[in-house]
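Working notes for the structure below.
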Amino acid sequence: SPVRLMTNFVNSTKADGGVGEIIVVNDPAAGDREKLEGYLAWKWGLEGSLPSGHPYETAAPAVLWTPADVSTAAWWDTSDALTITETGGLVDQIADKSGNGHHATASGTNRPTTGTRTIGGLNVFDYDGTADPDNKHLDITRVSDKKKHSTLRRNLMVHAKIATPH
């Protein structure tokens with residue numbers, strides 16, 4: 001079964017905000033986590049939220065560095081219009097930029113919108129907090145290691161800005 005992103009089966013809280021980038025990495029090497037945090041914060045204009053003493057608190061990681069430079073299992077970037085398929089502003093699919101084919105899909109009316117909200121001037125998927133019965137979500141093909149035929153524990157980094165939940 002797929003992994004469902006941005007839905008809550010525990011209670012009726014609905015996501016209200018924008019999701020910009022989701023990165024799943026395989027056991028990051030020393031320093032990679034900080035590079036990913038720095039990359040996300042500086043790209044999305046949130047560098048002021050990095051904690052004091054963070055290696056990228058005052059300067060972004062090297063200009064040419066991207067999540068592809070680490071062991072990335074999956075990478076969805078809502079600011080990259082070339083990776084998004086939509087119908088009337090409703091997201092149908094976002095392609096996995098890692099090259100591993102873990103595309104995220106949505107169908108029916110429970111889809112986030114694209115082109116309606118930005119963070120740091122970049123497009124994000126909009127989850128509007130409406131109380132639809134199944135909440136807006138994306139289904140992601142399970143990220144697994146094909147050699148071991150099992151789902152591995154992954155480090156998931158999500159850049160999101162969530163408003164007050166409804």
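These figures come from a predicted structure and were not determined experimentally.
Residue Gly18 comes nearest to Arg117 through the heavy atom pair N-NH1, 3.7 Å, listed as atom of the first residue, atom of the second, then distance. Of all heavy-atom pairs between Gly38 and Pro61, the closest is C-CD, 3.7 Å. Closest approach of Trp44 to Glu21, counting heavy atoms only: NE1-OE1, 2.8 Å.
Formation of a donor-acceptor pair under 3.5 Å by the Trp76 side chain with backbone atoms of His102 is found in this model. Side chain of Trp42 to backbone of Glu57: no donor-acceptor contact under 3.5 angstrom is found. For the pair Asp96 (side chain) and His103 (backbone), a donor-acceptor distance under 3.5 Å is absent. Of the possible donor and acceptor atoms, one in the side chain of Thr78 sits under 3.5 Å from a partner among the backbone N and O of Val19. Checking side-chain atoms of Thr72 against main-chain N and O of Val70 turns up a donor-acceptor pair under 3.5 Å. Formation of a donor-acceptor pair under 3.5 Å by the Asn100 side chain with backbone atoms of Ala74 is not found in this model.
Taking OG1 from Thr83 and CD from Gln93, the interatomic distance works out to 9.0 Å, rounded to the nearest 0.5 Å.
Val124 and Leu46 fall within the same hydrophobic cluster, where Ile, Leu, Val, Met, Phe, Trp and Tyr residues are linked whenever their side-chain heavy atoms come under 4.5 Å apart, directly or through other members. If you chain together hydrophobic residues whose side chains sit under 4.5 Å apart, Leu122 and Tyr39 fall into the same group.
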Can Phe125 and Val91 be said to form a side-chain contact (heavy atoms from CB on, under 4.5 Å), step by step?
-> CA-CA 8 Å; Phe125 285 176; Val91 176; 3.7 Å; yes
Glu37 and Tyr56: CA distance, side-chain angles, deciding distance, side-chain contact (heavy atoms from CB on, under 4.5 Å) verdict = CA-CA 8 Å; Glu37 291 169 348; Tyr56 300 102; over 6 Å; no
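Within the 4.5 Å cutoff, no side-chain heavy atoms of Thr105 are placed close to those of Asp92. The shortest distance between side-chain heavy atoms of Pro55 and Lys35 does not fall below 4.5 Å.
For the side-chain hydrogen bond (donor to acceptor under 3.5 Å, both in side chains) with Asn123, the qualifying choice from Asp80, Thr116, Thr114 is Thr114, the only one to do so.
Using a 4.0 Å cut-off between charged side-chain N and carboxylate O, Asp77 and Lys43 make a salt bridge.
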